[in-house]
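Report on the following structure.
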Amino acid sequence: MSDDETVILRPVREEDLPVLELFLTDPGAGGPFQWYGWTDARRYRRRWSENGLLADDGGQLMVTTGAERHGVVAWRKITVSAASYHWNIGIQLLPQARGRGIGTEAQRLLVGYLFAHTPVVRIEADTERENVAEQRALEKAGFRREGELRSITFRDGQWRDGVLYSVLRDEFPMA
């Protein structure tokens with residue numbers, strides 16, 4: 001990634017919604033590990049009109065460099081007990097953004113944002129076992145591999161194993 005490609009996370013704007021909808025309408029947009037079949041393409045529009053895709057239990061931010069939109073990062077609350085929760089994060093990038101370090105930086109920025117603005121001590125991410133590029137991106141972003149999740153997701157006609165990663169607040173260098 002070059003200096004002119006500084007990654008920025010920002011709230012999703014109405015004009016960004018067609019980019020998000022691509023992940024629901026174009027099997028090639030999300031890449032080989034993100035297509036789960038046809039689904040409601042207007043769900044992002046409805047959620048955006050309700051809360052701008054930012055809620056107490058999760059949200060989505062646009063990943064950009066300059067004026068170029070690359071995809072989204074997302075987080076959702078995982079409630080462990082009445083007194084504790086953590087975040088699970090994910091990312092979807094358009095094909096032209098992959099392999100450039102944008103995903104690594106976007107996930108690192110999201111972790112910093114969540115640690116700065118919420119009291120969680122743990123942030124986790126998971127991916128399919130075959131998604132080696134995402135595993136490398138998570139490790140570069142500061143995550144540690146915790147283990148395998150057997151038959152965790154159903155995609156393309158079969159159950160697939162996943163890999164779980166996490167980062168703890170005291171392991172993450174805050175700027």
Side-chain angles (χ1 to χ4, degrees), residues 7-14 16-17 19-21 23-24 30-31 33-37 39-64 71-93 103-131 134-155 158-175:
V7 176
I8 303 289
L9 302 182
R10 63 163 173 76
V12 174
R13 301 174 186 149
E14 188 170 14
D16 299 325
L17 294 174
V19 175
L20 276 69
E21 290 165 349
F23 295 119
L24 303 175
F33 301 102
Q34 292 291 324
W35 181 249
Y36 294 95
T39 187
D40 179 6
R42 297 194 48 85
R43 74 178 185 194
Y44 289 121
R45 232 167 250 289
R46 284 192 302 275
R47 287 181 37 225
W48 185 86
S49 69
E50 290 171 13
N51 61 21
L53 299 175
L54 297 170
D56 292 338
D57 62 350
Q60 292 179 288
L61 295 172
M62 203 72 198
V63 178
T64 67
V72 292
V73 289
W75 66 99
R76 62 186 173 93
K77 184 183 261 185
I78 305 294
T79 302
V80 180
S81 71
S84 62
Y85 71 93
H86 60 270
W87 298 116
N88 180 286
I89 71 165
I91 188 167
Q92 284 189 300
L93 292 178
T104 296
E105 181 64 7
Q107 290 175 108
R108 190 189 66 71
L109 289 170
L110 180 59
V111 168
Y113 172 81
L114 293 172
F115 280 148
H117 298 287
T118 67
V120 299
V121 71
R122 173 190 174 83
I123 297 173
E124 68 181 27
D126 53 81
T127 189
E128 286 188 27
R129 185 175 56 198
E130 288 77 25
N131 192 348
E134 173 61 0
Q135 292 173 47
R136 281 193 309 263
L138 288 168
E139 289 167 0
K140 289 178 185 176
F143 285 79
R144 287 189 192 174
R145 184 180 174 126
E146 290 190 335
E148 290 200 17
L149 304 166
R150 298 181 304 151
S151 295
I152 191 70
T153 191
F154 187 81
R155 182 183 56 74
Q158 65 182 3
W159 284 97
R160 301 181 184 262
D161 293 344
V163 183
L164 181 65
Y165 284 81
S166 73
V167 61
L168 303 180
R169 181 180 291 273
D170 63 0
E171 298 169 345
F172 190 77
M174 296 295 287

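Note: hydrogens, waters and symmetry copies are ignored here, and every other heavy atom, side chains too, is used. Values in this document were obtained by computation on a predicted structure and should not be read as measured data. We count residues from 1, following the sequence as given.
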- Message: Any salt bridge linking Glu148 with Arg129? Criterion: basic side-chain nitrogen under 4.0 Å from a carboxylate oxygen.
- Response: yes
- Which heavy atom of Val72 sits nearest a heavy atom of Leu20, and at what distance? CG1-CD1, 3.5 Å
- Message: Run the side-chain contact (heavy atoms from CB on, under 4.5 Å) test on Phe33 and Arg160 for me, step by step, so that the C-alpha distance in whole Å, both residues' side-chain angles and the decisive distance to 0.1 Å come before the verdict.
- Response: CA-CA 10 Å; Phe33 301 102; Arg160 301 181 184 262; over 6 Å; no
- Taking all atoms of both residues into account, what is the closest heavy-atom pair of Tyr44 and Gln60, and its distance? CE2-OE1, 3.3 Å
- So does Arg10 have more than 12 non-hydrogen atoms from other groups sitting under 6.0 Å from CZ? yes
- Test salt bridge (charged side-chain N to carboxylate O under 4.0 Å, His left out) on Glu50 and Arg47 and set out the steps. CA-CA 5 Å; Glu50 290 171 13; Arg47 287 181 37 225; over 6 Å; no
- Query: Between CZ of Phe23 and CG of Leu93, what distance do you get to the nearest 0.5 Å?
  - Reply: 6.5 Å
- Message: Any side-chain to backbone donor/acceptor pair from Trp48 onto Val12? Under 3.5 Å, distance only.
- Response: yes
- How far apart are the closest heavy atoms of Val73 and Ala106, and which atoms are they? CG1-CB, 3.9 Å
- Message: Would you say CG of Asp56 has more than 12 non-hydrogen atoms from neighbouring residues, nucleotides or ligands within 6.0 angstrom?
- Response: no
- Min side-chain heavy-atom separation Val7-Val63 under 4.5 Å: yes
- Query: If you round to the nearest 0.5 Å, how far is CD1 of Ile78 from OG of Ser84?
  - Reply: 12.0 Å
- Task: Applying ring-ring contact (aromatic ring centres under 6.0 Å, His included), name anything that partners Tyr36, two or more places apart in sequence or on another chain.
- Result: none
- Task: Say whether, by atom type as modelled, one donor and one acceptor occur between the side chain of Glu171 and the main chain of Leu168 under 3.5 angstrom.
- Result: yes
- Message: Show the nearest heavy-atom pair for residues Val120 and Ile123, with the distance to one decimal.
- Response: CG2-CG1, 4.2 Å
- Item | Value rounded to 0.5 Å, distance of CG in Asp40 from CZ in Arg45 | 11.5 Å
- Can you name the closest pair of heavy atoms from Arg43 and Thr39 and give their distance? NH1-OG1, 4.0 Å
- Message: Return the CZ to NE2 distance between Arg76 and His86, rounded to the nearest 0.5 Å.
- Response: 8.5 Å
- Item | Worked verdict on Gln107 versus Glu134 for side-chain contact (heavy atoms from CB on, under 4.5 Å) | CA-CA 10 Å; Gln107 290 175 108; Glu134 173 61 0; 2.8 Å; yes
- Message: Check the orientation of Trp87 and Tyr85. Use parallel for under 30°, tilted for 30 to 60°, and perpendicular for over 60°.
- Response: perpendicular
- Does the side chain of Phe172 come within less than 4.5 Å of Leu114's, by heavy atoms? no
- Item | Short N-O contact, Arg136 and Glu139, less than 4.0 angstrom | no
- Query: How close do Ala125 and Leu138 get, heavy atom to heavy atom, and via which atoms?
  - Reply: CB-CD2, 3.7 Å
- How many angstroms lie between atom CG of Leu110 and atom CZ of Phe115, to the nearest 0.5 angstrom? 10.0 Å
- Message: Which residues pass the side chain to side chain donor-acceptor pair (under 3.5 Å) test with Asn131, not counting sequence neighbours?
- Response: Thr127
- Would you please name every residue forming a side chain to side chain donor-acceptor pair (under 3.5 Å) with Thr104, sequence neighbours left out? none
- Message: Checking Met62 against Arg13 for the side-chain contact (heavy atoms from CB on, under 4.5 Å) test, could you report, in this order, the C-alpha distance in whole Å, the side-chain angles of both residues, the deciding distance, and whether it holds?
- Response: CA-CA 8 Å; Met62 203 72 198; Arg13 301 174 186 149; over 6 Å; no
- Rounding to 0.5 Å, atoms CG (Leu149) and CG (Leu164) come to a distance of 5.0 Å
- Item | From CA spacing to verdict: side-chain contact (heavy atoms from CB on, under 4.5 Å), Asp126, Ile152 | CA-CA 10 Å; Asp126 53 81; Ile152 191 70; 5.7 Å; no
- Charged N to carboxylate O under 4.0 angstrom, Arg122 versus Glu146? yes
